[in-house]
Amino acid sequence: MDLKSLSQYLWVVGIGFQAILGIVLLCRKAWKTFPLFVSYFTVGLASSVFIYAFRQHKAFYFYSYWLMEALGVALGFAVVYEVFSNLFSAHTALRRLATVVFKCVLALLLCIGLIVLIKHSPLDARGVASAVVVVEEVARIIEVGMLMCLFVLSSAFGLHWRQQIFGIAVGLGIFIAVELIAVTVWGMTGKAAHDALNVVRVLGFNTSLLIWISYLLAPERAASTVELPEQSQLEQWNQAVMELIRQ
């Protein structure tokens, strides 16, 4: 089996995984708790089916694919925000401080992205495809940086991750990290490694789907006393930040 056939086979397998995840989300009524993640998944499923059905129409496939990619990236940012909101929902003051830090990191990542964009100068004669790849590379850099910031903040404040929200974050992190590596390598090699990169990207997405299915199917377990930080410590953090805000 050549790489192109393998990629298409894995794509079909991924659509099957997405169907399973859709059933899990419906059974769990996940749209009530994670509406943005459900929207992200719905667009991803529709995109996979639609693009696979029209893969033989090259021009239509090209523009449809990158349009869906752009929508997926935008909803990916929304899912990161939803994870952030769920993680800090119980601690108002910590959430305010984390929001400030999060915005500063986002501004820094945007500056880095702008530098990458200028360095690659995607609007030159290399064509539309190269330009779009560079723009996606910048977007993936920002997404990866935001998720890393989220994990660092939660670790710094000693916050406990709920099992399902952790699964969503990890699955999304794996997917966008693989996407970042793939588009970066594609920008360096061009079409020479296109088929191999497609296989890697689909494998990355399928891995994320399996993680989401596993975590959403698993019953939410209570955190042990070892996993939870002392409540008094969290309250001290929260109170200290609240007093700082009031000054």
Side-chain angles (χ1 to χ4, degrees), residues 1-22 37 39-77 79-80 113 116-117 119-120 122 124-145 147 168-214:
M1 183 182 293
D2 59 19
L3 289 175
K4 191 171 184 178
S5 300
L6 178 59
S7 175
Q8 292 183 358
Y9 171 76
L10 291 173
W11 199 347
V12 174
V13 171
I15 292 174
F17 287 159
Q18 285 176 294
I20 295 171
L21 179 57
F37 176 70
S39 299
Y40 177 77
F41 158 75
T42 303
V43 169
L45 176 58
S47 173
S48 295
V49 174
F50 184 79
I51 292 174
Y52 183 79
F54 291 95
R55 66 189 184 281
Q56 301 299 333
H57 305 271
K58 292 185 178 180
F60 185 74
Y61 171 87
F62 175 83
Y63 290 107
S64 299
Y65 176 83
W66 288 113
L67 179 62
M68 293 296 185
E69 281 288 293
L71 186 55
V73 168
L75 286 172
F77 283 116
V79 173
V80 174
V116 172
L117 201 61
K119 180 181 177 182
H120 286 275
D124 61 16
R126 289 180 300 168
V128 177
S130 296
V132 172
V133 168
V134 173
V135 172
E136 184 178 7
E137 181 182 351
V138 170
R140 296 303 183 186
I141 289 172
I142 296 172
E143 278 187 316
V144 169
L147 270 178
I168 290 174
V170 170
L172 182 63
I174 290 174
F175 171 64
I176 61 179
V178 171
E179 286 288 294
L180 175 58
I181 294 170
V183 294
T184 302
V185 174
W186 195 97
M188 294 177 179
T189 60
K191 294 183 179 180
H194 186 262
D195 290 339
L197 290 174
N198 272 344
V199 172
V200 172
R201 293 176 76 178
V202 177
L203 279 174
F205 183 54
N206 288 356
T207 301
S208 296
L209 288 170
L210 288 174
I211 290 172
W212 289 330
I213 292 169
S214 300

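One is the number of the first residue; the rest follow in order along the sequence.
Taking the centre of each ring, Phe41 and Trp212 stay at or above the 6.0 Å mark.
Remark: side-chain polar atoms of Ser47 are not paired, donor with acceptor, to backbone N or O of Met68 under 3.5 angstrom. Of the possible polar contacts, none joining the Ser7 side chain to the Leu3 backbone as a donor-acceptor pair under 3.5 Å is found. The main-chain N or O of Val13 is never found under 3.5 Å from a side-chain atom of Asn206 such that the two would form a donor-acceptor pair.
Here the closest heavy-atom approach between residue Ser48 and residue Phe205 is recorded as OG-CE2, 4.4 Å. Of all non-hydrogen atoms in Ala139 and Val73, the two that sit nearest each other are CB-CG1, 3.6 Å. The nearest pair of heavy atoms linking Ile176 to Val144 is CD1-N, 3.7 Å. The two residues Ser208 and Gly171 make their nearest non-hydrogen contact at OG-O, 2.7 Å. Annotation for Ala182 and Leu197: closest pair O-CD1, 3.6 Å, computed over non-hydrogen atoms.
Note that CG of Leu45 is 9.0 Å distant from CG of Leu21, once rounded to the nearest 0.5 Å. For the atom pair CD1 of Ile168 and OH of Tyr40, the computed distance is 11.5 Å after rounding to the nearest 0.5 Å. In this structure, Thr184 OG1 and Glu179 CD are separated by 10.5 Å, a value rounded to the nearest 0.5 Å. Atom CD1 of Ile211 and atom CZ of Phe17 lie 12.0 Å apart (nearest 0.5 Å).
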>> Quick one, Phe37 with Leu172, criterion side-chain contact (heavy atoms from CB on, under 4.5 Å). Give me CA distance, side-chain angles, the key distance, then yes/no.
In response: CA-CA 10 Å; Phe37 176 70; Leu172 182 63; over 6 Å; no

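With Leu6 as reference, Val199 is the one residue of Val202, Asn198, Val199, Asp195 to meet the side-chain contact (heavy atoms from CB on, under 4.5 Å) rule.
Under a 4.0 Å N-O distance rule, the pair Arg140/Glu143 qualifies as a salt bridge.
Looking at heavy atoms from C-beta onward, Ile142 lies in side-chain contact with Phe77 at the 4.5 angstrom threshold.
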